[in-house]
Amino acid sequence: MRETVRLAVVLTLIAAGAGLILSLVEAVTRAPIAEQRRLEMVRALQAVLPPFDNSPDAETRSLQMGTDKKGQPVYRTFFLGRKDGRLNGIAFKVTAPDGYSGNIDIMVGIEPAGRLSGIEILSHAETPGLGAKIVESWFKEQFKGKGLDNADWRVKKDGGDFDQITGATISPRAVVGAIRSGLEFYRDHRQQIVAAQKEAK
């Protein structure tokens, strides 16, 4: 009996010590991790937006875009880029749920009129050497200058304007569809986003 109590006390002390150490590590690394994520966001914004001199990651507008399976609201955040005080770019993230290997997260940059200034693939799990080629420059560059009014938002295999990847049509098709959906959302809510920019002045 005394041996059992002794083991229980030892295990409790070990668990408490481990918990304390994990808590300290989390406290020490929380700020650096948050800063690293902020820098990753800034790099993505710099990649997709026209040159800006404000902090788009700090000047944002969130709009409800629907609800999840539990009925909870889902929001989309718009990052506003400005140059000399004028709105010159808006960025937002879209997710393609129909990639070959799961979700593809994409940062989309547009000019206020709705034409794309750039895209950046934030994360994906597509097949190396095939669908993973969506991260290559030639694939991303083809979206620049395109909008809902001057492009057929399908891959060429489906009769549209965008190059697919040989042997991997699913990934490009998912990217094109997600960007088109994001552009449609922006078009339908443009005034709310532009109004946010005016309020920020």
Side-chain angles (χ1 to χ4, degrees), residues 41 44-54 56-57 59-67 74-99 103-122 124 126 131 133-166 168-201:
M41 175 65 70
L45 294 174
Q46 290 173 333
V48 303
L49 286 174
F52 52 81
D53 57 12
N54 68 328
D57 59 318
E59 190 173 328
T60 62
R61 175 76 165 176
S62 292
L63 299 179
Q64 185 175 346
M65 54 180 290
T67 57
V74 176
Y75 294 91
R76 172 168 289 157
T77 299
F78 291 85
F79 303 89
L80 308 180
R82 292 194 290 166
K83 182 73 172 178
D84 299 327
R86 296 186 59 187
L87 179 69
N88 71 339
I90 302 104
F92 54 91
K93 190 176 85 171
V94 297
T95 298
D98 47 355
N103 290 347
I104 302 171
D105 291 327
I106 310 155
M107 182 66 80
V108 177
I110 57 175
E111 296 171 350
R115 298 282 176 86
L116 281 162
S117 52
I119 70 163
E120 188 68 18
I121 306 298
L122 300 176
H124 71 89
E126 302 305 278
K133 290 183 178 179
I134 55 175
V135 304
E136 295 182 359
S137 296
W138 70 266
F139 180 77
K140 295 184 291 186
E141 288 292 319
Q142 66 178 322
F143 293 94
K144 283 187 177 180
K146 296 294 195 303
L148 294 173
D149 60 338
N150 69 345
D152 185 334
W153 284 85
R154 296 176 292 171
V155 296
K156 289 181 177 176
K157 185 175 182 180
D158 299 332
D161 290 338
F162 297 94
D163 290 326
Q164 64 272 358
I165 296 168
T166 302
T169 303
I170 293 175
S171 307
R173 186 183 285 143
V175 171
V176 170
I179 295 173
R180 183 193 66 233
S181 177
L183 289 175
E184 290 171 346
F185 186 88
Y186 173 76
R187 177 196 61 197
D188 296 341
H189 298 83
R190 182 176 179 276
Q191 291 305 316
Q192 292 169 268
I193 298 162
V194 172
Q197 188 271 338
K198 290 178 178 176
E199 290 168 4
K201 284 185 176 180

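Computed over heavy atoms, backbone and side chain alike; hydrogens, waters and symmetry mates excluded.
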Apply salt bridge (Lys or Arg N to Asp or Glu O under 4.0 Å) to [X] and list each qualifying residue two or more places apart in sequence or on a separate chain.
| X | answer |
| --- | --- |
| Arg173 | Asp158 |
| Arg154 | Asp152 |
| Lys144 | Glu141 |

| task | For Ser181, enumerate each residue passing the side chain to side chain contact (heavy atoms under 4.5 Å, CB included) test, keeping only those at least two apart in sequence or located in another chain. | result |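 Applying side chain to side chain contact (heavy atoms under 4.5 Å, CB included) to Ser181 gives none.
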| request: Could you check whether the rings of Phe78 and Phe92 sit parallel, tilted or perpendicular, using 30° and 60° as the cut-offs? | output: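 Geometry flag for Phe92 against Phe78: tilted rings.
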Atom pair [atom1]/[atom2] of [X] and [Y] - distance to nearest 0.5 Å:
| X | Y | atom1 | atom2 | value |
| --- | --- | --- | --- | --- |
| Lys146 | Arg180 | NZ | CZ | 15.5 Å |
| Thr169 | Lys157 | OG1 | NZ | 4.0 Å |
| Leu183 | Leu148 | CG | CG | 4.5 Å |
| Ile170 | Ile134 | CD1 | CD1 | 12.0 Å |
| Lys93 | Ile106 | NZ | CD1 | 10.5 Å |
| Leu63 | Ile193 | CG | CD1 | 5.5 Å |

Looking at every non-hydrogen atom in both residues, tell me the closest pair between [X] and [Y] and how far apart they are.
| X | Y | value |
| --- | --- | --- |
| Pro172 | Asp163 | CB-O, 4.2 Å |
| Val108 | Val48 | C-CG2, 4.2 Å |
| Leu45 | Asp57 | CD1-N, 3.8 Å |
| Ala91 | Met107 | CB-SD, 4.1 Å |
| Ile179 | Leu116 | CG2-CD1, 3.9 Å |
| Gly131 | Ser171 | CA-OG, 3.4 Å |

| query | Is there a side-chain contact between Leu80 and Pro56 (heavy atoms, below 4.5 Å)? | reply | no
| Check: Gln64 and Tyr75 side chains under 4.5 Å, non-hydrogen atoms | yes
| Just wondering, more than 12 heavy atoms not from Met65 lying within 6.0 Å of its CE? | yes
| note | Residue pairs passing the side-chain hydrogen bond (donor to acceptor under 3.5 Å, both in side chains) test with at least one member in residues 106-121, sequence neighbours excluded, are Arg115-Asp149, Glu120-Lys140
| request: Determine yes or no for a side-chain-to-main-chain donor-acceptor pair under 3.5 angstrom, with Asp161 supplying the side chain and Ala151 the backbone. | output: no
| query | Does Phe143 have any ring pair (Phe, Tyr, Trp, His ring centres under 6.0 Å) partners at least two apart in sequence or in another chain, and if so, which? | reply |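 With neighbours one apart ignored, the set is Phe139, Phe162.
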